[in-house]
Amino acid sequence: MSTSRNLCAIILSAVLVTQLSPPARAQSSDPEVLRDTETEAFLDEISAPLIKAAGLDASKVKVILVSDREINAGASAGQLVFVNAGTVFAADNVLELQGVIAHEFGHLAGGHAPLTQDHVRKFGRVSLLSLLAGVAAVAAGSPGAGMAILGGGQQLAMGKYLAFSRAQEASADAAAVTYLRTAHLSGSGMLSFFGKLRNQEYRYTPASGGVDPYLQDHPMSADRQATLEGDVKASPYYTVPENPQLHARLMRIKGKLAGYLLDPQDTLRQYPESDQSAGAHYARAYAWHRAAYPDKANAEADALLRTAPSDPYFNELKGQILLENGHPADALAPLRVAVAQSHSAPLISAMLGHALIATDDPSHFAEAERVLKVSVDKDREDPLAWYALGVVYAQRGDEAHAALATAERYAMNGNDQLARSNAETALIGLKMGTPEYLRAEDIAVTSRNNLDARERRR
């Protein structure tokens with residue numbers, strides 16, 4: 001293995017270990033948050049008119065994708081809406097997905113707070129659709145753990161956390177109809193999605209004919225559909241079709257998620273070579289990449305780039321495949337295009353930073369520091385970016401800033417012991433009163449308080 005490959009493997013494996021050790025991760029059934037720039041931008045866009053219609057604070061509301069393949073969604077007191085990947089898979093059009101999101105915004109606006117903060121913490125692990133963590137495990141000689149990480153957390157139905165009252169459900173349904181009308185969107189997707197929920201109800205119904213307790217807390221979907229049908233169809237926007245551009249983006253994202261979450265063979269059956277859509281190329285690229293066929297994965301990425309050479313997400317995919325197959329220098333060109341065309345999206349900037357470091361070329365470290373600083377300034381919740389930034393600082397002998405970056409990473413992952421020790425190390429070398437010093441001080445105090453609180457509970 002080349003020196004650059006060694007460095008890349010070391011970086012990625014170290015990040016994996018700090019998130020959760022592979023054996024524990026493989027045994028866990030908690031769902032994971034999935035991070036992907038294209039998907040997040042899409043969810044933000046389709047949610048924006050509904051956030052406005054609901055009178056919610058756009059700066060606080062966030063729609064988050066979860067790896068669970070069941071059809072479900074949930075809302076939290078922290079103004080977060082969790083949408084299962086299974087809900088995205090099940091949505092035939094954007095209006096169906098907007099209907100689900102509008103319903104959850106009804107819970108937020110109604111103050112129902114269906115998820116406690118303890119439940120929200122169960123979604124604390126983050127997976128990047130860049131596959132970096134999973135590929136690191138495979139490279140480190142643990143393919144079983146790697147595959148578990150790539151598809152981890154899919155067995156736990158979020159519905160087990162959701163125990164809303166019938167009154168709250170009815171209130172959220174009614175609010176969703178109002179939000180859709182106010183946003184000039186059709187509620188037809190909300191009605192059609194109830195059909196999918198009915199099918200899920202049959203799955204939860206035991207052979208004895210009884211109904212799962214989860215469903216007893218919810219009005220049955222057929223009843224909800226009948227109650228809302230009149231109001232939905234009375235809207236002047238009921239027959240307005242979905243935006244075709246948004247539909248095309250949904251199909252791309254569904255393909256990407258299929259390639260990432262499903263078994264590669266299942267993905268290839270679902271998206272055969274005869275399907276030349278963007279979503280199918282996405283799905284096959286991820287499937288071939290996960291199955292360790294880099295040439296075929298590259299061919300799918302190239303097919304996408306021929307249709308749109310400047311598309312940031314197609315370039316991101318190309319760069320990702322090259323980086324994770326040990327060609328970081330070749331990954332730089334597409335990743336630079338992806339960063340430029342995405343206006344320095346933080347997750348994409350972080351990937352470019354990793355590629356620059358993985359070349360093992362000191363002349364690239366200044367650029368790596370620059371793009372990684374942009375990444376963490378825009379999004380402080382990417383452990384891979386913090387780790388890479390720490391590597392850059394350590395490479396040039398800046399131990400204080402390296403310790404601060406490491407403290408940030410451990411604080412984000414909830415490792416208070418290591419967050420505190422690294423923050424205290426950073427305080428020794430940072431200039432008192434600077435923003436960096438104050439941040440290290442804040443991490444040290446917060447993590448110390450967390451440790452003390454846990455000790456008192458014992």
* To do: Scan for side-chain hydrogen bond (donor to acceptor under 3.5 Å, both in side chains) pairs involving residues 294-306, sequence neighbours excluded, and state none if there are none.
  => His281-Glu300, Arg284-Glu300, Asn298-Lys318, Asp302-Lys318

* To do: Please name the pair of heavy atoms, one in Arg252 and one in Ala278, separated by the smallest distance, quoted to 0.1 Å.
  => CG-CB, 3.7 Å

* Please examine the side chains of Glu96 and Glu242, heavy atoms only from C-beta on, and report whether any two atoms are closer than 4.5 Å. => no

* Structure fact -> Nearest heavy-atom approach of Ala54 to Ala109 is O-CB, 4.3 Å

* Asked: Are any of the side-chain heavy atoms of Leu43 and Ile46 separated by less than 4.5 Å?
  -> yes

* With sequence neighbours left out, which residue pairs that include part of residues 339-352 fulfil the side-chain hydrogen bond (donor to acceptor under 3.5 Å, both in side chains) condition? -> none

* Asked: Side chains of Arg380 and Met412: does their closest heavy-atom pair fall under 4.5 Å?
  -> no

* Can you measure from CG (Leu257) to CG (Leu250) and round to the nearest 0.5 angstrom? => 9.5 Å

* To do: Could you pull out the closest heavy-atom pair between Pro241 and Leu95, with the gap in Å?
  => C-CD1, 4.4 Å

* **Beyond-backbone contact of Gln320 with His289, side-chain heavy atoms, under 4.5 angstrom** => yes

* **Trace of the side-chain contact (heavy atoms from CB on, under 4.5 Å) decision for Phe193 with Leu97** => CA-CA 8 Å; Phe193 205 78; Leu97 200 52; over 6 Å; no

* side-chain contact (heavy atoms from CB on, under 4.5 Å) partners of Thr182, counting only residues at least two apart -> Ala53, Thr178

* Asked: With sequence neighbours excluded, what pairs up with Tyr393 under the ring-ring contact (aromatic ring centres under 6.0 Å, His included) test?
  -> His401

* Asked: What is the distance from atom CG of Asp173 to atom CG of Leu228, rounded to the nearest 0.5 Å?
  -> 5.0 Å

* Atom of Leu185, atom of Pro49 and distance for their closest heavy-atom approach -> CD1-CG, 4.4 Å

* Asked: Does the side chain of His364 reach to within under 4.5 Å of the side chain of Leu332, using non-hydrogen atoms?
  -> yes

* To do: To the nearest 0.5 angstrom, please state how far the OG1 atom of Thr87 sits from the CZ atom of Phe82.
  => 13.5 Å

* To do: Mark yes or no for whether Thr359, through its side chain, and Ala329, through its backbone, hold a donor-acceptor pair below 3.5 Å.
  => no

* To do: Keeping to residues at least two apart or across chains, list the salt bridge (Lys or Arg N to Asp or Glu O under 4.0 Å) pairs with something in residues 332-348.
  => Arg336-Glu367

* Asked: Are any of the side-chain nitrogens in Asp36 or Lys256 under 4.0 Å away from the carboxylate oxygens of its partner?
  -> yes

* Asked: In Å, rounded to the nearest 0.5 Å, how long is the span from OG1 of Thr406 to OH of Tyr387?
  -> 8.0 Å

* To do: Using the test ring-ring contact (aromatic ring centres under 6.0 Å, His included), find all partners of Phe105 that sit at least two apart in sequence or belong to another chain.
  => none

* Show your reasoning for whether side-chain contact (heavy atoms from CB on, under 4.5 Å) applies to Gln79 and Asp57. => CA-CA 9 Å; Gln79 301 292 286; Asp57 186 342; 5.7 Å; no

* To do: Find out whether Glu40 and Thr37 are in side-chain contact, i.e. whether some heavy atom of one side chain is under 4.5 Å from a heavy atom of the other.
  => no

* Asked: Under 3.5 Å, side chain of Asp379 to main-chain N/O of Ser375, donor-acceptor pair present?
  -> no

* Who passes side-chain contact (heavy atoms from CB on, under 4.5 Å) against Ala175, sequence neighbours left out? -> Tyr179

* Look at the side chain of Ser235 and the backbone N and O of Val232, then say whether any donor-acceptor pair between them is shorter than 3.5 Å. => no

* To do: Drop me the distance from Met351's CE to Leu356's CG, to the nearest 0.5 angstrom.
  => 12.5 Å

* Under 3.5 Å donor-acceptor, Gln276 side chain and Glu273 backbone -> yes

* To do: Could you go through the side-chain contact (heavy atoms from CB on, under 4.5 Å) check for Leu34 and Thr39 one step at a time?
  => CA-CA 9 Å; Leu34 296 179; Thr39 304; over 6 Å; no

* Structure fact -> Contacts satisfying salt bridge (Lys or Arg N to Asp or Glu O under 4.0 Å) that involve residues 71-94 (not counting sequence neighbours) are Asp92-Lys196

* Taking only residues at least two apart or on different chains, which pairs with a member in residues 178-191 satisfy salt bridge (Lys or Arg N to Asp or Glu O under 4.0 Å)? -> none

* Asked: Does a side-chain heavy-atom distance below 4.5 Å link Asn243 with Val94?
  -> no

* To do: Scan for side-chain hydrogen bond (donor to acceptor under 3.5 Å, both in side chains) pairs involving residues 42-54, sequence neighbours excluded, and state none if there are none.
  => Asp44-Lys62, Glu45-Arg249

* **Tyr238: partners by ring-ring contact (aromatic ring centres under 6.0 Å, His included), with sequence neighbours left out** => none

* Least distance between heavy atoms, Gln270 atom then Leu262 atom -> OE1-CD1, 3.5 Å

* **CA sep, side-chain torsions, deciding dist, call: Glu38, Glu316, side-chain contact (heavy atoms from CB on, under 4.5 Å)** => CA-CA 10 Å; Glu38 180 176 14; Glu316 177 191 23; 5.6 Å; no

* **Step-by-step salt bridge (Lys or Arg N to Asp or Glu O under 4.0 Å) determination, Arg35 to Glu381** => CA-CA 10 Å; Arg35 297 294 313 277; Glu381 298 182 359; 5.2 Å; no

* Minimum heavy-atom distance Ala385-Val376, with the two atoms named -> CB-CG1, 3.9 Å

* Structure fact -> dist Asn93:CG -> Ser186:OG (nearest 0.5 Å) comes out at 8.5 Å

* Asked: Mind checking whether Asn84 and Ile71 have side chains closer than 4.5 Å, heavy atoms only?
  -> no

* Asked: Under the 3.5 angstrom rule, does the side chain of Asn325 hit a backbone N or O of Ile321 as a donor-acceptor pair?
  -> yes

* Asked: Which residues pass the ring-ring contact (aromatic ring centres under 6.0 Å, His included) test with His184, sequence neighbours left out?
  -> Tyr237

* Asked: Relative to the ring of Tyr282, is the ring of Tyr286 parallel (under 30°), tilted (30 to 60°) or perpendicular (over 60°)?
  -> tilted

